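Please read the structure below before turning to the comments.
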Amino acid sequence: MKFRIHGERLGNLGLLFSLFLLSLSFASETKIPKEINPKAFARDFFGNFYILDRTNLAIFKLDSSYNILKEASLRDISSFIDPVAISFLGLKLALLNIAKNELIFMDKDLSYLSSLKIPDKISIIDFDATSQRIFVLDSQGRYISVYLGKEMKRFTIRIDYDPTLAKIRAKEKEKSIFLVSGNEMFEFELGGRMKKKLHIDCLSPKF
């Protein structure tokens, strides 16, 4: 797929946005096994892929050649589960279960570790994790709940901008949060101040 990006001093932000958009088409452009119906994916430090199959309530671990290494049924964790997103909190796999407004943590072998209850007043639309933090975006797109440290202490960031936000990504080294709304992307400081805004035009796909 071709992309045209508008903005000043794109640098790493433009590259990150392009990579983010390319990741959305990951499932259709890789030779993953037919039995997997992918909803979301994450990649660990060793090059393995973890694919969330929302239809079959399962997670698959694949190597870099897309061979299945392991499969785990999410029904074994909870009978009330609707998984929609995954990310890595350091070496732990984090899974968003909107049925119970919680994050579920698993190890690299897809064994259950623990869960983190998100307050019911927060209507989660997306989340992302870094080595030390979890960022939860609410459905109104005005607040981000940040969970930090081993005790997962929570604090809130108010975003001084109000588009219809759908995706959140975080970069710990840059101390930035990236929010996507339609064909626009916004970079915010961890305190909530907007740093940059990008607009992208998606042209006709190249097959």
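Because the structure is predicted, anything quoted here is derived from the model rather than measured. Starting from 1, each residue takes its place in the sequence as its number.
- Between Ile59 and Leu95, the closest side-chain pair of non-hydrogen atoms falls below 4.5 Å.
- With rounding to the nearest 0.5 angstrom, the CD1 atom of Ile157 is 13.5 Å from the CZ atom of Arg193.
- The two atoms that bring Ile118 and Val136 nearest to each other are CD1-CG2, 4.4 Å, heavy atoms only.
- Put simply, CE on Met194 and CG on Leu179 are 9.0 Å apart, with the number rounded to the nearest 0.5 Å.
- Of the inter-residue distances, the one linking Ile168 atom CD1 with Ile124 atom CD1 reads 11.5 Å to the nearest 0.5 angstrom.
- Among all heavy-atom pairs drawn from Ala42 and Ser87, the shortest one is CB-CA, 4.2 Å.
- Counting only heavy atoms from C-beta outward, the side chains of Leu62 and Phe60 approach each other to under 4.5 Å.
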- request: Test Met185 against Phe178 for side-chain contact (heavy atoms from CB on, under 4.5 Å), laying out the working first.
  value: CA-CA 7 Å; Met185 182 174 179; Phe178 301 90; 3.1 Å; yes
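- Remark: Thr130 engages Arg133, Phe135, Ala170, Glu172 in a side-chain contact (heavy atoms from CB on, under 4.5 Å) (not counting sequence neighbours).
- There is a path of hydrophobic side-chain contacts, each under 4.5 Å, that joins Leu52 to Leu57.
- Using the six-membered ring where Trp is involved, Phe49 and Phe41 have ring planes that are tilted, between 30° and 60° apart.
- Using a 4.5 Å cut-off between side-chain heavy atoms of Ile, Leu, Val, Met, Phe, Trp and Tyr, with links allowed through other members, Val84 and Ile36 fall into different hydrophobic clusters.
- Of all non-hydrogen atoms in Leu89 and Gln132, the two that sit nearest each other are CD1-C, 3.9 Å.
- Using a 4.0 Å cut-off between charged nitrogen and carboxylate oxygen, Arg54 and Asp82 count as a salt-bridge pair.
- In plain terms, the two heavy atoms of Pro38 and Ile51 that are nearest each other are CB-CG2, 3.6 Å.
- Summarising the geometry, atom NZ belonging to Lys175 is positioned 13.0 Å from atom CD1 belonging to Ile177; distances are rounded to the nearest 0.5 Å.
- The structure places CG of Leu96 at 7.5 Å from CG of Asp126, a figure rounded to the nearest 0.5 Å.
- Checked by atom type and distance alone, the side chain of Ser78 pairs as donor or acceptor with a backbone atom of Phe80 at under 3.5 Å.
- A cation-pi contact, defined as under 6.0 Å to the ring centre and within 45° of the axis, links Lys92 to Phe105.
- The shortest side-chain heavy-atom distance between Asp53 and Leu74 does not fall under the 4.5 Å cut-off.
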task: Take Asn48 and Arg43 through the test side-chain contact (heavy atoms from CB on, under 4.5 Å) and record every step on the way to the result.
output: CA-CA 6 Å; Asn48 299 309; Arg43 197 173 189 183; over 6 Å; no
Intermediate values then yes/no, side-chain contact (heavy atoms from CB on, under 4.5 Å), Phe127 and Leu137: CA-CA 6 Å; Phe127 89 106; Leu137 177 65; over 6 Å; no
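- Asp44 is listed as a side-chain neighbour of Phe88, based on a closest heavy-atom distance under 4.5 Å.
- The two residues Asn101 and Ile122 come nearest to each other via the heavy atoms ND2-O, 2.9 Å.
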Expected list for residues 108-117: side-chain donor-acceptor pairs under 3.5 angstrom, two or more places apart:
unit_1, atom_1, unit_2, atom_2, d
Tyr112, OH, Ser115, N, 3.4
Lys117, NZ, Lys100, O, 2.7
Lys117, NZ, Asp120, OD1, 2.9

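- The heavy-atom pair separating Asn97 from Ile81 by the smallest distance is OD1-CA, 3.3 Å.
- Of the residues Lys196, Lys195, Arg169, Glu189, the one that meets the side-chain hydrogen bond (donor to acceptor under 3.5 Å, both in side chains) test with Ser176 is Lys195.
- With 3.5 Å as the limit, one finds no donor-acceptor pair spanning the side chains of Asp138 and Ser123.
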message: Please evaluate residues Thr156 and Ile144 with respect to the criterion side-chain contact (heavy atoms from CB on, under 4.5 Å), reporting the C-alpha separation (whole Å), side-chain torsions for both, the decisive distance (0.1 Å), and the verdict.
response: CA-CA 6 Å; Thr156 301; Ile144 297 172; over 6 Å; no
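- Under the 4.5 angstrom side-chain criterion for Ile, Leu, Val, Met, Phe, Trp and Tyr, the cluster partners of Leu91 are Phe45.
- Arg154 places no side-chain N or O within 3.5 Å of a backbone atom of Pro119 that could act as its donor or acceptor partner.
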